[in-house]
Amino acid sequence: MTEYRIPYLAAARFGGADAGAFLQSQLSADVLALRAGDTTFACYCTPKGKVLGLVLVERGDDDYRVAARDTLLPGILQRLQMYVLRSQVTIEPAPDLAVVGSAGPVYAVRGSGETPAAADIDAWRATELRAGVAWLDEASRESFIPQMLGFDTLGAVSFQKGCYPGQEIVARARYLGKVKRKPVIAELDGVHALENGGKLRLRRGDDWSDAVLVDHAGDGERTVLFTVAPAEPAAASETVAAPE
């Protein structure tokens, strides 16, 4: 299976005796369930349950590798460092590591010199968005709880593990059925320059609704839009009007 380096993702190493327990207490996924070589998506959330970033966690033989959007990772690491306190945890950026992807999409962390970058990175990003994987950016961070982005369906949220920042709000939304917005993937013919974080109008069947553009990417022929919109109506097809 062909792998490609994803240039807009960056990685860090978490080492020390308490690294796994520390990540378990900070991220939404069940990190301690990972075995060496396993990966999982996870969310790093604010105390109000808003997603600061989607992250990929891979367990190594004696450390954990955490990857996220390169523009967001420094802030995520800085925030996590504040909560280390007396835990035996080291947090270090890892420019020698890279995230690679293959069809699926499936992700892993490799040495940065081992894998070539994808020839058409925009087409790869479009594939990610169609699969529900949006790495967020400065315009979309801290705006939605995980379920509004569909990150729970990616396995990024465990509802059985212990506490983490925002856990009570994320769990309450699940068990009380109060998630009134959801991810909606839409496509436009042609290539369009749109602004992440901006508003759109979606036509879903015969109904129109407001949406927020989380991310978008073009594959040369079509532009894929990852939006967050009201959960109803739930028409099978969506088209997009001009931004507001």
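For the numbers below, each heavy atom of this structure counts, side chains included, while hydrogens, waters and symmetry mates do not.
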Between R79 and T46, is a side chain to side chain contact (heavy atoms under 4.5 Å, CB included) present by the stated rule, with each step listed?
-> CA-CA 10 Å; R79 189 180 179 111; T46 70; 4.3 Å; yes
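- For K161 and D30, the salt-bridge test fails: no basic side-chain N is under 4.0 Å from an acidic carboxylate O.
- Enclosure of atom OH in Y4 is not indicated, since only 12 or fewer non-hydrogen atoms of other residues, nucleotides or ligands lie within 6.0 angstrom.
- For the pair I121 and P7, the minimum side-chain heavy-atom distance is below 4.5 Å.
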Checking side chain to side chain contact (heavy atoms under 4.5 Å, CB included) for the pair I76/Y44: CA distance, chi angles, key distance, verdict?
-> CA-CA 8 Å; I76 289 173; Y44 186 37; 3.8 Å; yes
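- A donor atom on one side chain and an acceptor atom on the other are found under 3.5 Å apart for E128 and Y107.
- Residues M148 and V228 approach most closely at O-CG2, 3.6 Å, considering heavy atoms.
- Q147 contributes a side-chain N or O that, together with a main-chain N or O of V170, makes up a donor-acceptor pair within less than 3.5 Å.
- None of D215, L200, V212, V214 except one satisfies the side chain to side chain contact (heavy atoms under 4.5 Å, CB included) rule with T227; the exception is L200.
- Residue-environment remark: CD (E138) exceeds the threshold of 12 foreign heavy atoms within 6.0 Å.
- Using a distance-only test at 3.5 Å, with no hydrogens or angles considered, a donor-acceptor pair links the side chain of R69 to the main chain of L136.
- In terms of modelled atom types and a separation under 3.5 Å, the side chain of T223 and the main chain of A217 share no donor-acceptor contact.
- The existence of a salt bridge linking E142 and K50 is excluded, since no basic side-chain nitrogen approaches an acidic carboxylate oxygen closer than 4.0 Å.
- Residues K199 and D210 are not paired through a salt bridge, judged by the lack of any N-O separation under 4.0 Å between the basic side chain and the carboxylate.
- A 4.5 Å side-chain heavy-atom check between R222 and L188 finds every atom pair outside the cut-off.
- For R174 and F159, the positive end sits near the middle of the six-membered ring, less than 6.0 Å away and at most 45° from its axis.
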Working for salt bridge (Lys or Arg N to Asp or Glu O under 4.0 Å), residues E92 and R13 | CA-CA 5 Å; E92 298 178 345; R13 284 189 177 88; 6.0 Å; no
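- With ring centers used as reference points, F151 lies 6.0 Å or more from W135.
- Counting heavy atoms from C-beta outward, F22 and Y64 have side chains that stay 4.5 Å or more apart.
- Taking a cutoff of 4.0 Å between a charged side-chain nitrogen and a carboxylate oxygen, R59 and D38 do not qualify as a salt bridge.
- Every residue meeting the side chain to side chain contact (heavy atoms under 4.5 Å, CB included) condition with Q88, not counting sequence neighbours, appears here in chain and number order: A17, D18.
- Looking only at side-chain heavy atoms (C-beta outward), V57 and L34 come within less than 4.5 Å of each other.
- Ion pair R130/E187 flagged as a salt bridge, since at least one NZ, NE, NH1 or NH2 atom sits closer than 4.0 Å to an Asp/Glu carboxylate oxygen.
- In terms of modelled atom types and a separation under 3.5 Å, the side chain of D137 and the main chain of S140 share a donor-acceptor contact.
- Between the side chain of T39 and the backbone N or O of E58, no donor-acceptor pair lies under 3.5 Å.
- Under a 3.5 Å cut-off, the side chain of S87 and the backbone N or O of L85 do not form any donor-acceptor pair.
- Taken to the nearest 0.5 Å, the CG atom of D219 stands 8.0 Å off from the CG atom of D120.
- Within the 4.5 Å cutoff, the side chain of F41 has heavy atoms near those of the L54 side chain.
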